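Since the model is a prediction, treat every value here as computed from it, not as a measurement. For ligands, and for the atoms within them, numbers begin at 1 and follow the listed sequence.
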Amino acid sequence: MGTSTQEAIDLEKKYGANNYAPLPVVLERGEGVYVWDVEGKKYFDFLSAYSAVNQGHVHPRILNTMTKQASKLTLTSRAFYSDQLGKAEEMLCQLFGYERAILMNTGAEGNETAIKLARKWGYEQKGIPQNEAIIVGVEKNFHGRTTTIISASTDPVATTNFGPFMPGFEIVPYNNLEALENVLQNPNVAGLWMEPIQGEAGVYLPDNGYLKKAQALCKKYNVLFMVDEVQTGVGRTGKLLASDYEEIKPDMIILGKAISGGFYPVSAVLTSSEVMDVFQPGQHGSTYGGNPLACAVIMEALQVLQDERLTENAFRLGNIFRARMQELCKQTELLVGVRGRGLLNALIVNDTEESSTATQICYELMHNGLLAKPTHGNIIRFAPPLVINEHQLNKCLDIIEATIKKFELVVS
Ligand SMILES: *Cc1c(COP(=O)(O)O)cnc(C)c1O
């Protein structure tokens, strides 16, 4: 006998940390866009592990590559070369259009690496006085959970009682070029750090042209533009990078999540030779960073993305998703709108950020066979694996529509 839902939940409650609020569903198997719980019930996964499984659950090609590499060589540390790392770096650079890549494990570590690169570049190339470097972030940012990264957070849930905080960050309002230019004039600014679309905050898109103008301001004031594409990258938004919508070329991009298709924690920072060369032996590293297993997995995951044209699929199906949801929003008082790009979308519920309405809707969606999570009390993110097809998407749209309509009847 396998574990029942209640047993699994009780066990986590008893022995685990209470740092998440999961939906009460216990998953044991996944394939493509589907996951199954321990009772055998099948669901559409509309979270995709926060956009880490863009290639779908347990993609057979990535599984095969991972198994093969795992039986050959998994970890060397960077004390020695491996036959996989250079190939993976080359593929990352060629695919995304950069000169150099450094591999880490989690998205947070990728962002930490970008901060260290920017600071060191600031001192050695821009001539910022020692320990005076500033990284500019934007309000409602999400870049991970380390003590340094939360020092730039404006979300009290992420920061309360975790101080003291790391100095050297300045926060400006998102989507406000005037405030940005004001702060970039400070000659001690080394980097501007942001997400091209704010995923965790609730899928906030800046105005068209904002990223392009932010990049121009960075050029004007000799500041590195560091763009966190951990959630938005790798085809999720219907382009390889969300940055591609404004045809910008950040000085640094941070990747994570879907570069490994959900098999293994891998992150990367891509940049120019000029910036990357500020790192010299001993100055930065990670035992598992760039290990052969990680490298083999990301190469296959990125190849699958291209071979299966998942980015193009996300673009096309994203338009269908938003068109249907816009229609739904017109028919119900419960929804205010839908926003997003590609298959990273959010439905905005007609309630406050503190309300539990979005959570209640997600419970109903779960009962109806579709898993999604609110990012805030009134925002539900919808981000299925990019391998979803039109027929499956239409079924999901039917589920969402029926759930919303029934929910409206119950609450009104
Ligand atoms: C998820 C996420 C991170 C953090 O990645 P972890 O692997 O959880 O450390 C950083 N930035 C963005 C934009 C993310 O969505």
Side-chain angles (χ1 to χ4, degrees), residues 17 19-20 22 46-54 96 102-118 135 137-155 157-159 162 169 171 174 191-206 211 225-237 239-243 245 250 252-270 286 288-291 294 297-298 301 340-346 372-376 379 381-383 386:
N19 57 334
Y20 279 84
F46 264 61
L47 183 66
S48 304
Y50 302 100
S51 296
V53 284
N54 288 4
F96 293 98
I102 181 167
L103 272 81
M104 290 283 134
N105 310 286
T106 63
E109 271 178 306
N111 277 284
E112 289 273 353
T113 301
I115 292 167
K116 287 174 80 174
L117 279 169
I135 307 280
V138 296
E139 281 173 3
K140 294 196 175 189
N141 69 72
F142 182 86
H143 299 291
R145 300 296 196 167
T146 64
T147 47
T148 291
I149 287 170
I150 63 162
S151 299
S153 174
T154 59
D155 177 2
V157 179
T159 57
F162 292 121
F169 293 111
I171 303 302
Y174 193 49
L192 170 64
W193 182 35
M194 68 170 76
E195 303 148 84
I197 295 172
Q198 295 189 314
E200 290 312 298
V203 191
Y204 285 103
L205 284 77
L211 296 173
F225 194 20
M226 310 146 66
V227 173
D228 180 348
E229 293 258 12
V230 169
Q231 184 162 159
T232 50
V234 196
R236 170 53 59 189
T237 66
K239 303 262 184 193
L240 188 57
L241 298 171
S243 299
Y245 277 99
M252 267 189 236
I253 57 167
I254 302 113
L255 297 172
K257 296 196 168 115
I259 59 170
S260 60
F263 276 84
Y264 200 78
V266 192
S267 59
V269 179
L270 274 57
S286 157
Y288 274 81
N291 70 71
V297 166
I298 65 165
R341 284 202 201 277
L343 287 173
L344 180 62
N345 294 292
K373 272 284 273 182
T375 69
H376 286 89
I379 304 173
R381 174 174 36 198
F382 290 94
L386 309 186

Query raised in the report: In terms of atom number and element, which parts of ligand 1 are under 4.0 angstrom from non-hydrogen atoms of T106?
Result: 7 (O), 9 (O)
Query raised in the report: Can you tell which part of N111 has a heavy atom less than 4.0 Å from ligand 1: side chain, backbone, both or neither?
Result: side chain
Report task. With heavy atoms of A108 as the reference, note each atom of ligand 1 found under 4.0 Å away. Result -> 4 (C), 5 (O), 6 (P), 9 (O)
Report summary line: To the nearest 0.5 Å, atom CD1 of I298 lies from atom OH of Y264 at 11.5 Å
Report summary line: Which of V230, D228, I254 passes side-chain contact (heavy atoms from CB on, under 4.5 Å) with H143? It is D228
Query raised in the report: Is the closest basic N to carboxylate O distance between E200 and R381 below 4.0 Å?
Result: yes
Query raised in the report: How many angstroms lie between CZ in F46 and CG in L343, if you round to the nearest 0.5 Å?
Result: 7.5 Å
Query raised in the report: Name the one of I259, L241, L270 that satisfies side-chain contact (heavy atoms from CB on, under 4.5 Å) with E229?
Result: L241
Report summary line: In ligand 1, the atoms that come under 4.0 Å of a heavy atom of E195 are 13 (C)
Query - Y50 heavy atom under 4.0 Å from ligand 1 - result: no
Query raised in the report: Can you check whether R341's main-chain N or O pairs, donor with acceptor, with Y245's side chain at less than 3.5 Å?
Result: no
Query raised in the report: Looking at ligand 1, does any of its N/O atoms fall within less than 3.5 Å of an N/O of K257?
Result: yes
Query raised in the report: Contact between E229 and ligand 1, counting heavy atoms under 4.0 Å?
Result: no
Report task. Return a yes/no value for G107: is any of its N or O atoms, backbone included, closer than 3.5 angstrom to an N or O of ligand 1? Result -> yes
Report task. Could you see which bit of H143 sits under 4.0 Å from ligand 1, with heavy atoms only: side chain, backbone, both or neither? Result -> backbone
Query - Under 3.5 Å donor-acceptor, N141 side chain and A152 backbone - result: yes
**Report entry** Atom CZ of F169: over 12 foreign heavy atoms under 6.0 Å
**Finding:** yes
Query raised in the report: Looking at atom 11 (N) of ligand 1, what's its closest protein heavy atom, distance included?
Result: D228 OD2, 2.7 Å
Query raised in the report: Counting only non-hydrogen atoms of the protein, does one fall under 4.0 Å from atom 6 (P) of ligand 1?
Result: yes
**Report entry** N or O contact, Q231 vs ligand 1, cut-off under 3.5 Å
**Finding:** yes
